[in-house]
Amino acid sequence: MTSKKIRVLIAKPGLDGHDRGAKVVARSMRDAGMEVIYTGLRQTPEMIAEAALQEDVDAVGLSILSGAHMVLVPRLMELLRQQGQDNVRVLVGGIIPDEDVPRLKELGVVEVFGPGTSTKTIVDTVIRAVGGEPAHT
Amino acid sequence: MSLVERVLAGDRLALARLLSQIENEETTGLDDLAALYPHTGDAHLVGVTGAPGTGKSTLVNKLVMHMRQEGEEGGDADTMIAVVAVDPSSPFTGGAILGDRIRMRDLAGDPCVFIRSMASRGALGGLARATAGVVQALDAAGFDVIMIETVGAGQAEVDIARTAHTTVVITAPGMGDEVQAIKAGILEIADILVVNKADIPGADNTLRALRATLEMAKPERYVPSLPQQGDASIERGEEADSWETPVMATVATEGEGVAELIQAIEDHRRYLQASGEWTIRERGRIRSEMEGLLRDTLAARFLERQPDGRFEEALEKVLTRSLSPRQAILSILDGEDR
């Protein structure tokens, strides 16, 4: 009688204070049957890696609107690797210049979502990334 | 090293993985939990419950911060504290948003603190079905205090009293009048009552009303059930008076009253141990856990053995009102016996 759920950490690293997008994404993931741990604003990469570890999440969704993604994301990826959390999939959303997208993917980021991405696309990508099945269809 | 050995050695990643396996009721995880069980029994399990918006998470954040600081100043600097925070799952999609960590950000970066969010996954009563197992794993992993924060449902989350040693019930000014307080079983499970947000006007009235209500409503617990449980070996210490539920005021956001609340939690632990009630509660706790498991396992096994459709057939009969639900279940059970 196992009941595996996809667990996702939604985090806002850095200093920008707009979390409307993160909350919309969190809600659509919940509505897709996932368990979403939402940690709030102004998280450091260290806090995010620690929360991901304690919560044993399948994926981390980062919402970054501040432009600091080329600092924050590499740091988080490094921490996850150091802590043995290589299986955790990382996705990024927010304002990311096109030329940075390939660089983020080189670091191991699964996908980068810009403004206007539908929540369905995000949810489907997460499900595919963690190798799970749609929880409710 | 096996997962069990890694958990016992303090490997947090291994612990986190094991907690997931327990939550998902995977056989390997449940077997590992059984291997860890002899290492449990040392932690002080503190339940924190109360209606939504009363400040449970904020107060837990402050409590853990203070407990850790106390550890630094005097005594035991290594007090290990775990927090299990339960939030509701959506009954429609099974999904959940677990937001208790938002209020616990002060605890980030402390290697002696471990926070785990749990979704209730359909269980009523304020906890998830796997909460007891998760708490056991944390106990075995060496945490001295385990705070269990329930779903903020209001009046029905009394499961916590069967899971924790010390139950802290949190309320806030304006959350309901005296009648609410009397009818709710929530008052009866409180070992410590806290009026949080005590800087809101009207807090004095809430405190006074709760104290007055407690004097009338506090039931005689545990003592009557003793003889039935055949527990003659446990004698109550002569010197230990019965526990008087304190009603305390806090302002969690400012940290006011937090030190006093920690003292009360500690006093309650000492009282439980001195009076012998610790053992009585352990017995009650484990009994109810075993009864629950027995129910679940029997039902699962029975349904497994049923020829397909028997249950559905009976369900149809109940739907058309030719059988009552009770008659239907009895007919399925009797059919099995024959």
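Every chain is numbered from 1, with letters handed out A, B, ... down the list of sequences.
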> How would you list, by chain and number, every residue that makes a side chain to side chain contact (heavy atoms under 4.5 Å, CB included) with Ala96(B), sequence neighbours excluded?
Replying inline: Glu35(A), Ser89(B), Leu98(B), Ala119(B)
> How far apart are the C-alpha atoms of Glu23(B) and Arg7(A), what are their side-chain angles, what is the distance that settles it, and do they pass the salt bridge (charged side-chain N to carboxylate O under 4.0 Å, His left out) test?
Replying inline: CA-CA 12 Å; Glu23(B) 256 198 300; Arg7(A) 282 169 73 89; 3.5 Å; yes
> Do you know which of Ala26(A), Ala51(A), Gly84(A) has the most heavy-atom pairs under 4.5 Å to chain B?
Replying inline: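 So the answer, after comparing Ala26(A), Ala51(A), Gly84(A), is Ala51(A).
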> When only pairs under 4.5 Å are counted, which of Met47(A), Glu50(A), Arg42(A) shares the most heavy-atom pairs with chain B?
Replying inline: Glu50(A)
Count the heavy atoms belonging to other residues, nucleotides or ligands that lie under 6.0 Å from [atom1] of [X], then report whether that count exceeds 12.
X	atom1	result
Asp98(A)	CG	no
Leu15(A)	CG	no
Arg103(B)	CZ	no

> Using non-hydrogen atoms only, which part of Val113(B) is less than 4.5 Å away from chain A: side chain, backbone, both, or neither?
Replying inline: backbone
Heavy-atom distance under 4.5 Å to chain B: side chain of [X], backbone, both or neither?
X	result
Arg27(A)	both
Asp58(A)	neither
Ile10(A)	neither

Please check this pair: side chain of [X] against backbone of [Y], looking for a donor-acceptor N/O pair closer than 3.5 Å.
X	Y	answer
Arg105(B)	Thr39(A)	no
Glu55(A)	Ser117(B)	yes
Thr93(B)	Arg30(A)	yes

>> Counting C-beta onward and ignoring hydrogens, is there a side-chain heavy-atom pair between Leu53(A) and Arg12(B) closer than 4.5 Å?
In response: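 A side-chain contact exists here, since the closest heavy-atom pair is under 4.5 Å.
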> When rounded to the nearest 0.5 angstrom, what is the spacing between CD1 in Ile102(B) and CD1 in Ile37(A)?
Replying inline: 11.5 Å
> If you round to the nearest 0.5 Å, how far is CG of Asp56(A) from CG of Leu15(B)?
Replying inline: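 Between atom CG of Leu15(B) and atom CG of Asp56(A) there are 10.0 Å.
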> Are side-chain N/O atoms of Gln54(A) and Arg101(B) paired as donor and acceptor at under 3.5 Å?
Replying inline: yes
> So which heavy atom on Ile97(B) is nearest to which on Tyr38(A), and how close?
Replying inline: CG2-CB, 4.4 Å
